[in-house]
Visitor: 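There's a structure below that I have some questions on.
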Amino acid sequence: MDLNDNIKQEYKSVTQIAQEWKITTRAVRNYCQEGMIPGVQKIGKMWLIPENARKPIRMESKRKKKGLLKALEIEMKKGIDDGIYHGFVIDATFNTFKLEGGKLSREQVRYMHDDKSLSLGGNILDVDEIIEMSNHFRCLDFIIKTAKKDLDEKYIKKLFFMLENSTDVIENFTSKNSCYKKSENKFNEIETVKPENVEKEIKILLDEYNSKENVELDDVLYLLHRFMMISPFSISNGKIARLIVLKECLKNRIVPFLIEEDMSVFYLRGIEKWKEEPSILKNITLVAQEKFSSYLEYFGIKYNNI
């Protein structure tokens with residue numbers, strides 16, 4: 001029996017362990033590099049993991065002392081791939097694009113994030129959608145880093161330019177001060193604010209919103225409603241609105257809500273009818289919050305009761 005036979009009997013590859021533990025290969029390599037798997041060996045660039053190894057348990061007791069924003073900041077900085085940050089970034093990106101007809105599966109989005117690769121699976125995709133999705137990962141990192149900052153016009157424009165960076169749409173703007181729409185648009189078949197009034201209406205909205213001492217869920221939902229009724233950009237208003245909402249939830253310790261494709265009808269209707277029937281948007285938001293709360297509980301992260 002040669003050496004290779006012994007290795008096959010006693011060790012498993014990173015890929016095999018990742019499949020068994022249902023995590024990414026990068027997460028397994030992180031465990032190996034951090035010395036969290038007893039008996040692991042490295043031959044060249046290849047990690048060999050004992051076949052009876054158990055998945056390490058990260059220090060949940062420390063996580064339980066932190067809120068969501070702090071946990072996201074720490075995991076993002078350390079590059080942890082099996083925690084709340086990893087799932088948050090992938091799910092937020094997948095869901096926001098799926099709401100607007102995105103064709104990629106969650107697994108494809110995960111590969112884009114983790115390995116910077118994409119398996120098309122027979123789909124024909126728009127190049128700008130792929131670029132936007134890659135940019136969306138960076139937007140989420142940006143809002144995690146800057147969540148505590150006040151929401152102002154400059155911040156919103158920065159998100160827009162980050163999201164549309166290197167896409168065709170960005171070529172139409174000569175400067176960051178002229179990124180607002182030039183022609184009228186609609187939200188859910190409703191006429192939005194006219195282009196010449198966008199800057200004034202955005203200022204009114206932000207002044208009103210930032211004047212609140214304690215921001216609650218209803219305030220964030222009103223912000224979402226008014227932003228979409230203004231729809232300041234020629235494209236991607238929904239994506240920008242959801243990024244803004246995520247930022248404000250993180251800042252104000254409100255459980256985030258990721259709207260999934262099967263919620264889209266109630267979500268869009270709820271935004272449209274917020275003033276007349278606020279319960280439509282509120283109820284679908286609570287459903288999404290309940291689901292997100294299960295993730296927080298799993299990772300031992302503190303959150304305010306819904």
Side-chain angles (χ1 to χ4, degrees), residues 92-104 109 112 124-143 146 151-210 220-248 258-259 261 264-265 267-275 281:
T93 300
F94 169 70
N95 287 328
T96 201
F97 278 81
K98 203 69 175 176
L99 279 177
E100 301 187 20
K103 296 179 180 180
L104 293 184
V109 175
M112 279 190 64
I124 299 176
L125 301 176
D126 182 85
V127 172
D128 277 356
E129 180 183 349
I130 297 172
I131 295 171
E132 267 193 2
M133 192 168 287
S134 180
N135 290 341
H136 195 268
F137 297 140
R138 298 185 181 92
C139 288
L140 288 168
D141 285 352
F142 175 70
I143 67 172
T146 61
L151 183 65
D152 57 23
E153 190 177 18
K154 183 178 179 181
Y155 191 100
I156 293 172
K157 287 181 177 181
K158 184 174 180 63
L159 279 178
F160 177 76
F161 275 96
M162 287 181 69
L163 182 65
E164 298 302 332
N165 184 39
S166 298
T167 66
D168 285 344
V169 70
I170 215 70
E171 301 299 325
N172 297 324
F173 303 112
T174 56
S175 73
K176 292 186 178 182
N177 293 321
S178 61
C179 59
Y180 288 146
K181 61 187 179 185
K182 300 295 189 297
S183 57
E184 296 182 12
N185 55 13
K186 294 182 179 181
F187 168 73
N188 224 23
E189 299 306 315
I190 296 176
E191 295 288 345
T192 60
V193 167
K194 294 185 181 299
E196 59 267 26
N197 295 326
V198 165
E199 190 169 355
K200 179 184 73 174
E201 292 297 327
I202 285 288
K203 185 178 187 306
I204 291 172
L205 172 60
L206 293 175
D207 286 347
E208 179 185 357
Y209 178 77
N210 288 322
V220 174
L221 295 181
Y222 175 73
L223 174 67
L224 171 61
H225 159 76
R226 280 300 302 149
F227 186 88
M228 293 309 301
M229 292 301 101
I230 297 171
S231 288
F233 305 111
S234 61
I235 192 173
S236 296
N237 288 294
K239 298 186 189 82
I240 297 297
R242 289 186 286 277
L243 285 167
I244 290 169
V245 163
L246 283 175
K247 173 205 175 299
E248 290 304 299
L258 304 181
I259 303 298
E261 185 181 18
S264 62
V265 173
Y267 170 71
L268 296 175
R269 182 71 170 168
I271 293 174
E272 175 188 335
K273 294 293 184 181
W274 172 253
K275 287 188 176 180
L281 183 58

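Here the structure is a predicted model, which means the values were calculated and not measured. Side-chain atoms are counted along with the backbone in the values below, which use heavy atoms only and exclude waters and symmetry mates.
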Visitor: Closest approach of A241 and M228, non-hydrogen atoms and distance?
Guide: CB-SD, 3.7 Å

Visitor: Could you give the distance from CD1 (I235) to CG (L163), rounded to the nearest 0.5 Å?
Guide: 8.5 Å

Visitor: Identify the two heavy atoms, one from T96 and one from H136, that lie closest to each other, and give their separation to 0.1 Å.
Guide: CG2-NE2, 3.5 Å

Visitor: If I take atom OH from residue Y222 and atom NZ from residue K275, how far apart are they, to the nearest 0.5 angstrom?
Guide: 5.5 Å

Visitor: Only one of I143, L159, L140 passes side chain to side chain contact (heavy atoms under 4.5 Å, CB included) with K247; say which it is.
Guide: I143

Visitor: Please find the pair of heavy atoms, one from E191 and one from K186, that lie closest to each other, and give the distance.
Guide: OE2-CE, 3.1 Å

Visitor: If we ignore hydrogens and angles and just use 3.5 Å, is the side chain of N165 paired with the main-chain N or O of F161 as donor and acceptor?
Guide: no

Visitor: When rounded to the nearest 0.5 angstrom, what distance separates CD1 in I156 from CG in L205?
Guide: 7.0 Å

Visitor: Can you list every salt bridge (charged side-chain N to carboxylate O under 4.0 Å, His left out) pair that touches residues 220-245, not counting sequence neighbours?
Guide: E100-K239, E100-R242, E132-K239, E201-R226

Visitor: Quick one: pull up CG in L268 and CZ in F187 and give me the separation to the nearest 0.5 Å.
Guide: 5.0 Å

Visitor: Could you grab the distance from atom CG of N135 to atom CD of E164, nearest 0.5 Å is fine?
Guide: 7.5 Å

Visitor: How many angstroms lie between CZ in F227 and CG in L206, if you round to the nearest 0.5 Å?
Guide: 9.0 Å

Visitor: Taking the side chain from S264 and the backbone from E261, do they hold a donor-acceptor pair closer than 3.5 Å?
Guide: yes

Visitor: Specify the closest pair of heavy atoms between L246 and L258, including all atoms of both residues, with the distance to one decimal.
Guide: CD2-CD2, 3.8 Å

Visitor: Could you check whether any side-chain N or O of N185 sits under 3.5 Å from a backbone N or O of F233, counting only pairs where one atom can act as donor and the other as acceptor?
Guide: yes

Visitor: If you compare all heavy atoms of L104 against all heavy atoms of V109, which two are closest, and at what distance to 0.1 Å?
Guide: CB-CG2, 4.1 Å

Visitor: For E199, does the CD atom sit with more than 12 other heavy atoms under 6.0 Å from it, leaving out its own atoms?
Guide: no

Visitor: What's the verdict on side-chain contact (heavy atoms from CB on, under 4.5 Å) for Y267 and L224, showing C-alpha distance, side-chain angles and the deciding distance?
Guide: CA-CA 11 Å; Y267 170 71; L224 171 61; 3.8 Å; yes

Visitor: Please determine whether side-chain contact (heavy atoms from CB on, under 4.5 Å) holds for the pair I259 and L99, giving the CA-CA distance in whole Å, both sets of side-chain angles, and the decisive distance to 0.1 Å.
Guide: CA-CA 8 Å; I259 303 298; L99 279 177; 4.0 Å; yes

Visitor: Looking at residues at least two apart in the chain, or sitting in another chain, which of them share a salt bridge (charged side-chain N to carboxylate O under 4.0 Å, His left out) with K194?
Guide: E184

Visitor: After noting the C-alpha distance and the side-chain angles of E153 and Y180, does the key distance pass the side-chain contact (heavy atoms from CB on, under 4.5 Å) rule?
Guide: CA-CA 11 Å; E153 190 177 18; Y180 288 146; 2.6 Å; yes

Visitor: Minimum heavy-atom separation for C179 to K157, with atom names?
Guide: SG-CG, 3.6 Å

Visitor: Show the numbers, then the answer: is there a side-chain contact (heavy atoms from CB on, under 4.5 Å) between W274 and M229?
Guide: CA-CA 11 Å; W274 172 253; M229 292 301 101; over 6 Å; no

Visitor: Please report the C-alpha distance between Y155 and F142 in whole Å, then the side-chain angles of each, then the deciding distance to 0.1 Å, and finally whether the ring-ring contact (aromatic ring centres under 6.0 Å, His included) criterion is met.
Guide: CA-CA 10 Å; Y155 191 100; F142 175 70; 5.2 Å; yes

Visitor: Output yes when a side-chain donor or acceptor of K181 lies under 3.5 Å from a complementary backbone atom of S231, and no otherwise.
Guide: yes

